[in-house]
Peer 1: 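Have a look at the structure that comes next, please.
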Amino acid sequence: MKKTAKDVMLARIRASIANAPDPPEVLYAIRERDERDHTAMLEDFIERLLDYKAIVTRTDTVGLPQAIADACNEHDMLRLVVPADLPQSWVPSTVTVLRDEPKLSLAELDESSGVLTGCALAIAQTGTIILNGGANQGRRALSLVPDRHVCVVRAEQVVGLVPEAIAVLAKQATRPITLISGPSATSDIELSRVEGVHGPRTLHVLLVLDL
């Protein structure tokens, strides 16, 4: 049988590596926990968010309702989607509330001005916010369909490294997970950036600092 170009190429490769020594063992040191001061982690988290073109507002528990109201006003959010269990104290009196109970249709989500949620965790290393359908987060569609997302992140929810977040999430492994690293954006082959294709084009993070 006549050898193909592929056969010839593979034969040459096999011959060249037949007597090659075994590669040295490579030991990877994976950090599983960020031992730095938590304030430094929070600054990294904010820096990553800003690099992703997210908006960050620092506040505290007392000032959170006003910070939410200011964010809604800044982004002209008049019809606000909220999860069924979101605290009423978070909801500004100036908006029309679209509470997801009973479940809102995709059309209602699309016609809204934006959504307000909490989160499960956040990762300083990557500037990622994690939603898993837990308290104050709602179902996945709520954070994907509306064009603007205001997300409340408490300082104690921010961990340093990805392995730390995975360890926490593993305790509730059956929940659907949404990872948010800045506003939704994509680029075509010419690197033309388009925002809002796969989720909200505006992400406003309210970082609650009560440490």
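Just so we're clear, the structure is a prediction, and the values are computed from it rather than from any experiment. Residue indices begin at 1 and follow the sequence shown.
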Peer 1: Charged N to carboxylate O below 4.0 Å: is that the case for Glu43 and Arg58?
Peer 2: yes

Peer 1: Going through the checks in order, is the side chain to side chain contact (heavy atoms under 4.5 Å, CB included) test met by Val115 and Val150?
Peer 2: CA-CA 6 Å; Val115 62; Val150 176; over 6 Å; no

Peer 1: Sort out for me which residue in Val153, Val56, Leu64, Ile55 forms a side chain to side chain contact (heavy atoms under 4.5 Å, CB included) with Leu206.
Peer 2: Leu64

Peer 1: Rounded to the nearest 0.5 Å, how far does SG of Cys119 lie from CD of Gln157?
Peer 2: 4.0 Å

Peer 1: CD1/Ile123 to CD1/Ile129 distance, rounded to the nearest 0.5 angstrom?
Peer 2: 10.5 Å

Peer 1: Please identify each residue that fulfils ring-ring contact (aromatic ring centres under 6.0 Å, His included) with His149, with sequence neighbours left out.
Peer 2: none

Peer 1: Are the side chain of Asp85 and the backbone of Asn136 linked by a donor-acceptor contact shorter than 3.5 Å?
Peer 2: yes

Peer 1: Are Arg148 and Asp76 within salt-bridge range, i.e. N to O under 4.0 Å?
Peer 2: no

Peer 1: The criterion is salt bridge (Lys or Arg N to Asp or Glu O under 4.0 Å); which residues satisfy it with Arg175, sequence neighbours excluded?
Peer 2: none

Peer 1: With a 4.5 Å cut-off on side-chain heavy atoms, are Leu10 and Arg14 touching?
Peer 2: yes

Peer 1: Under a 3.5 Å cutoff, is there a donor and acceptor pairing between the side chains of Thr61 and Arg154?
Peer 2: yes

Peer 1: Under 4.5 Å between any side-chain heavy atoms of Pro183 and Thr202, yes or no?
Peer 2: no

Peer 1: Determine whether Ile46 and Leu207 satisfy the following criterion, side chain to side chain contact (heavy atoms under 4.5 Å, CB included), listing intermediate values before the conclusion.
Peer 2: CA-CA 9 Å; Ile46 293 170; Leu207 184 59; 3.7 Å; yes

